[in-house]
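What follows is a single structure, written as structure tokens, with notes after it.
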Amino acid sequence: MTDASAFTPSANVAQLKESATIAVSQRAKALRAAGREIIDLGAGEPDFDTPAFIKVAAQKAIDAGATKYTAVDGILPLRQAIAAEANRRWQGADKVTAAEVVVSTGSKQSLFNACFTLFGPGDEVLVPTPAWVSYLEMVALARATAVPVMGNPERGFKVTVAMLESAATPRTKGLMLNSPSNPTGSVYSPEELRAILTLAHERGWWVLSDEIYLRIAYGSPASSALDVAPSRERLVVVNGVAKAYAMTGWRIGWTISSPQLAAAMTAFQSHTTSNAATVSQHAALAALSMRTEADAAVTSMVAQFEARRDAALAILRTEPRIHVLDPKGAFYLYLRAPGAGKSASGSDAGGAFATHLLEKANVAIVPGAAFGTPDWVRVSYAAEQAQVEEAMRRLVAAFRELA
Ligand SMILES: Cc1ncc(COP(=O)(O)O)c(C=O)c1O
């Protein structure tokens, strides 16, 4: 028998909350295990299998002995491939070099490396909201203060220079950017992004640009900070292979930053996880260097995401009371829950709607409280189109019941 009172969490993690998106997936899985047919639109994970050419490259790498430790910051050819891709965008004289790239176990780890290495007690970090669940927790783990900056739903929740200026204080040290955005699917135009990066440059803020959904954009390509930033001095570009190449389980992400910050993050990573899995690094190298195959795979997946988005929106728009954003990237729909704004502050219309949908209509979605907007819900369309359509019909019916 263990003594339950023996464990009390340290001050490091006392405030930590479980990831709400993972919690929803687990509840959906538990209901499924109990025999219920659940349509899971909660997950932030492409439903596609990793493209075959990447799996073949990984198998070959294992056969060739890629089973040992590598350099902490990753194998040189992968860092070179990441730098080469960055240099196709970055037009400054200070070309990106492999020494500025740190490969990690997923962009989540890269974001954490950057937060932990850059921010500390007394620092404030601006977080455009709604925001991906983990930013607030990562900033808090670094003992810095996250300052949510609420966007305007009429602009897809994108924040403006004026909004950031009014949230800033002399203690502001950093800014989290995420375009295309999880959860809204909004994409900053090159002009919007340039204006924000110019403000950050003038104020001396560090910018962590999380570009994990960069290649999943509809209509026109999404801009990277590397396309428009006035300087790379305090810019940390974060990306990975998880979403664009359907490689979530391989766990490969990276940062591109100044060599000094890269060295500090490498030192930190050397004491936490060391190198990312060797075989996964070789798989990521194939994804980045076999460009013809990769472009064909990404184009095909993005076209399928777009078809699902369009089909889902067409069904949602049959109910004019549903306020749904018009997403230009990623694979999420963000919509206002029925009853939103009706009760005083503290209401959780998104949570009530998500619970109702899961328990009564067998559809899993994520309450917007997870992202700082309790009146909204996030629907992922990373599932087969027929399932997405069926789920949207049930969602509309549930909305009408509750509205
Ligand atoms: C905005 C955002 N950033 C980072 C991540 C983490 O991705 P990775 O699998 O590369 O750690 C996710 C995954 O859900 C995400 O949505």
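Keep in mind that this is a model prediction, so the values were computed, not measured. Order of appearance sets the numbers: ligands from 1, and atoms from 1 within every ligand.
Within a 6.0 Å sphere centred on CD of Glu165, heavy atoms belonging to other residues, nucleotides or ligands number more than 12. The local environment of NZ in Lys60 is sparse, with at most 12 non-hydrogen atoms from other residues, nucleotides or ligands closer than 6.0 Å.
Contacts of Met301 classified as side-chain contact (heavy atoms from CB on, under 4.5 Å), with partners at least two apart in sequence or in another chain: Phe48, Pro51, Ala246, Ala297.
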Contact table ligand 1 N or O to protein N or O, d under 3.5 Å:
| residue | atom | partner | partner atom | Å |
| --- | --- | --- | --- | --- |
| ligand 1 | 3 (N) | Asp210 | OD2 | 2.6 |
| ligand 1 | 7 (O) | Ser107 | OG | 3.0 |
| ligand 1 | 9 (O) | Arg251 | NH1 | 2.7 |
| ligand 1 | 10 (O) | Ser107 | N | 2.8 |
| ligand 1 | 10 (O) | Ser107 | OG | 2.8 |
| ligand 1 | 11 (O) | Ser107 | N | 3.2 |
| ligand 1 | 11 (O) | Lys108 | N | 2.9 |
| ligand 1 | 11 (O) | Arg251 | NH2 | 2.8 |
| ligand 1 | 14 (O) | Lys243 | NZ | 2.7 |
| ligand 1 | 16 (O) | Asn182 | ND2 | 2.7 |
| ligand 1 | 16 (O) | Tyr213 | OH | 2.7 |

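Between Asp47 and Arg308, at least one side-chain N (NZ, or NE/NH1/NH2) sits under 4.0 Å from a carboxylate O, which counts as a salt bridge.
Screening Thr373, Asn182, Thr184 for a side chain to side chain donor-acceptor pair (under 3.5 Å) with Tyr334, the sole residue that qualifies is Thr373.
Judged by the 6.0 Å and 45° rule, Arg79 forms no cation-pi pair with Trp254.
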